[in-house]
Amino acid sequence: SPTANRSTTSLVESILMKNVLMKQVLMKQGFMKKVSMEDSLIRHAARCLLASLALAAVSVPAIAQTVDYKVRETWNGGFVADAGIRNGGSSRIAGWKLEFDYPYTIREIWSARIVSRSGQRYALRGESWNVDIPASGRVDFGWVVDTSGDTTARPRNCRLNGTAIPDSRCAALVAGNPVAINGQLRVCGTRLCNQSGRAIQLRGMSTHGLQWSSKCLKDSAFDALARDWGADVVRLAMYVREGGYNTDPAGYKARMDAWIAEISSRGMYVIVDWHILTPGDPMADVGLAKDFFQYMSKKHGWRKNILYEIANEPNGVSWNRIRQYADTVIPIIRANDPDAVVLVGTRGWSSLGLSEGAGPEEIIANPVNASNIMYSFHFYAASHTDYHREGFARAIGRIPLFVTEFGTTAHTGNGDNDFASAQRYIDLMAQHKISWVNWAFSDHGQTSAAFIRNTCSTDGPWNGSVLTPSGAWARDKMRVPADSF
């Protein structure tokens with residue numbers, strides 16, 4: 001340890017000093033030639049010992065390192081495991097390599113790579129962006145295993161950069177994350193509940209349009225959302241038009257798959273958002289929507305952390321038209337993912353009809369004929385003040401609500417922030433455990449962007465001076481108070 005190193009260094013320095021004093025005595029007595037060889041050997045040995053201590057000072061003892069492991073999701077035929085390495089030392093670990101025994105075949109791995117496998121013995125290394133572990137830091141990764149048998153075996157005989165890690169610190173259980181704690185969500189009454197039937201509130205961030213903001217969706221950013229911002233949920237805004245999904249359906253499906261896997265590996269929930277805006281009629285692209293949700297629900301229906309938002313902001317159409325669309329799309333999702341929560345957009349840019357002269361009463365009187373659904377409400381605090389807040393309050397407790405998008409600015413995404421109005425919404429949502437997602441985890445240049453311009457062209461940091469006032473405010477609301485799952 002650093003303390004032990006300092007003590008040993010002091011001892012060596014003391015020996016060298018005593019050697020110098022003895023040398024002076026012997027020189028006076030004429031014995032210098034006899035001890036010159038011994039003196040040289042002592043000094044050489046001391047230098048070697050000091051050099052060894054210097055090397056030890058930049059490495060981390062094995063006892064300071066812990067390998068975390070947790071089976072997060074299981075199904076008939078396999079499971080997903082989260083893993084990580086915690087560096088409890090005061091020095092950086094450069095170029096980490098983790099070896100361990102593991103009785104399963106890893107089919108898919110993320111945020112790390114398998115460099116060798118011999119029987120049950122694996123060796124992993126980091127990717128280019130997480131190859132080092134900072135002092136008091138960690139790296140996280142995970143994998144998918146195919147097995148029809150027992151899922152309880154854990155990695156054993158861990159070695160990190162050639163140094164054995166005690167069994168007590170090899171495959172220690174990781175601390176709970178939102179998905180590990182809450183599992184499969186469901187609607188109970190008018191609230192969002194976890195696998196134990198307890199009402200919970202999720203708080204998180206929405207991306208901007210994926211065709212514009214994909215540069216913000218990188219591993220370090222997802223790490224920051226999960227561990228620094230404290231996000232429970234990430235909304236992937238898949239614009240249908242405006243240069244989005246309809247230009248490359250296959251390409252965007254593949255990108256969505258990758259982003260869902262990355263977010264899921266960090267224990268956060270994912271909202272798959274079919275981001276209709278222009279045109280505002282969800283039936284305009286219903287064929288694309290049916291294909292998209294058929295693919296997404298079949299591909300990811302085994303996951304416990306997916307919510308499907310089937311229409312971002314219907315506008316210029318009646319509530320009956322929106323219900324017709326919901327009646328078309330929801331059965332497609334249910335055929336592949338019977339347990340997931342489905343989020344239904346509402347009239348007037350998901351204002352519960354308030355922005356088009358109606359209100360939540362038309363939904364209450366004529367709800368969608370499906371179970372385990374919630375209705376979306378969107379607000380922008382500087383534009384949607386008392387009138388919208390009072391309409392929102394009228395709907396609370398009468399229909400299940402999820403605020404899948406809100407901003408602190410005007411409805412354009414620009415203009416001044418109105419944090420006072422936003423805080424009144426935050427307080428109301430906290431009181432009733434209504435989940436929310438803030439717009440937007442992006443550097444697109446509007447007031448509603450979480451980051452200043454060009455932040456996403458770098459690899460972080462994702463806090464501090466790169467945050468806009470809106471971004472700093474949203475991050476603070478996710479961090480304080482802490483989740484109360």
Side-chain angles (χ1 to χ4, degrees), residues 204-222 224-225 231 233-264 268 270-297 299-300 306-315 329 343 345 349-350 376 378 380 404-407 409 411-414 437-459 462 468 470-471 474:
M205 293 297 294
S206 175
T207 69
H208 201 296
L210 298 174
Q211 71 271 42
W212 302 307
S213 65
S214 60
K215 63 181 180 177
C216 300
L217 306 184
K218 54 187 71 175
D219 291 279
S220 60
F222 291 139
L225 276 171
V233 58
V234 178
R235 178 184 187 237
L236 294 173
M238 184 68 265
Y239 272 67
V240 182
R241 301 215 185 174
E242 301 176 66
Y245 180 82
N246 71 335
T247 66
D248 183 14
Y252 277 111
K253 284 174 184 173
R255 289 184 226 176
M256 287 288 285
D257 289 342
W259 290 323
I260 289 169
E262 290 292 347
I263 297 167
S264 299
M268 295 182 286
V270 183
I271 296 175
V272 175
D273 166 33
W274 186 245
H275 204 88
I276 69 158
L277 187 60
T278 305
D281 181 0
M283 293 296 289
D285 290 305
V286 69
L288 286 175
K290 290 164 66 176
D291 175 71
F292 176 78
F293 285 111
Q294 164 68 17
Y295 175 86
M296 285 294 156
S297 59
K299 178 79 173 183
H300 300 285
I306 308 298
L307 298 88
Y308 302 93
E309 185 175 5
I310 60 174
N312 162 56
E313 289 186 349
N315 59 88
V329 172
L343 307 167
W349 297 274
S350 282
S376 298
H378 294 182
Y380 280 79
T404 55
E405 182 181 317
F406 85 91
T409 64
H411 70 276
T412 59
N414 251 328
V437 175
N438 177 255
W439 182 271
F441 196 79
S442 175
D443 63 352
H444 61 279
Q446 290 188 308
T447 314
S448 57
F451 304 106
I452 61 174
R453 282 194 182 274
N454 299 318
T455 297
C456 296
S457 298
T458 68
D459 203 26
W462 304 96
T468 63
S470 175

Could you walk me through whether Leu210 and Leu217 pass the side-chain contact (heavy atoms from CB on, under 4.5 Å) check? CA-CA 9 Å; Leu210 298 174; Leu217 306 184; 3.5 Å; yes
Compare every heavy atom of [Y] with every heavy atom of [X], then report the nearest pair and how far apart it is.
{"X": "Ser376", "Y": "Leu343", "result": "OG-CB, 4.0 Å"}
{"X": "Met205", "Y": "Ala474", "result": "SD-CB, 4.2 Å"}
{"X": "Asn312", "Y": "Ser350", "result": "O-OG, 2.7 Å"}
{"X": "Ser264", "Y": "Val270", "result": "OG-CG2, 4.2 Å"}
{"X": "Ser442", "Y": "Cys216", "result": "CA-SG, 3.9 Å"}
{"X": "Glu405", "Y": "Tyr380", "result": "OE2-OH, 2.5 Å"}

_Counting only heavy atoms not in Lys290 (residues, nucleotides, ligands), do more than 12 fall under 6.0 Å from its NZ?_
no
Take atom NZ of Lys253 as the centre, draw a 6.0 Å sphere, and report whether it contains more than 12 heavy atoms from other residues, nucleotides or ligands. yes
Any side-chain heavy-atom pair from [X] and [Y] closer than 4.5 angstrom?
{"X": "Asp219", "Y": "Glu262", "answer": "yes"}
{"X": "His300", "Y": "Met256", "answer": "no"}
{"X": "Asp273", "Y": "Thr404", "answer": "no"}
{"X": "Phe406", "Y": "Asn438", "answer": "yes"}
{"X": "Met296", "Y": "Ile306", "answer": "no"}

Mind checking the [atom1]-[atom2] spacing from [X] to [Y]? Nearest 0.5 Å is all I need.
{"X": "Thr458", "Y": "Lys215", "atom1": "OG1", "atom2": "NZ", "answer": "9.5 Å"}
{"X": "Ile276", "Y": "Glu313", "atom1": "CD1", "atom2": "CD", "answer": "8.5 Å"}
{"X": "Ser206", "Y": "His378", "atom1": "OG", "atom2": "NE2", "answer": "8.5 Å"}
{"X": "Leu236", "Y": "Ser214", "atom1": "CG", "atom2": "OG", "answer": "11.5 Å"}

Across all chains, not counting sequence neighbours, the side chain to side chain contact (heavy atoms under 4.5 Å, CB included) partners of Arg255 are Asp248, Tyr252, Trp259
Residues 276-285 vs salt bridge (Lys or Arg N to Asp or Glu O under 4.0 Å), sequence neighbours excluded, gives Arg241-Asp285, Asp281-Arg321
Set of residues satisfying ring pair (Phe, Tyr, Trp, His ring centres under 6.0 Å) with respect to [X], sequence neighbours excluded:
{"X": "Trp462", "result": "Phe451"}
{"X": "His444", "result": "His208"}
{"X": "His275", "result": "Tyr239, Trp439"}
{"X": "Phe292", "result": "Tyr245, Trp274"}

**OP:** Let me see the working for Leu277 and Glu242 under side-chain contact (heavy atoms from CB on, under 4.5 Å), right down to the final yes or no.
**Re:** CA-CA 9 Å; Leu277 187 60; Glu242 301 176 66; 4.0 Å; yes
Given the options Asn414, Thr468, Thr412, Thr447 meets side chain to side chain donor-acceptor pair (under 3.5 Å) only with Asn414
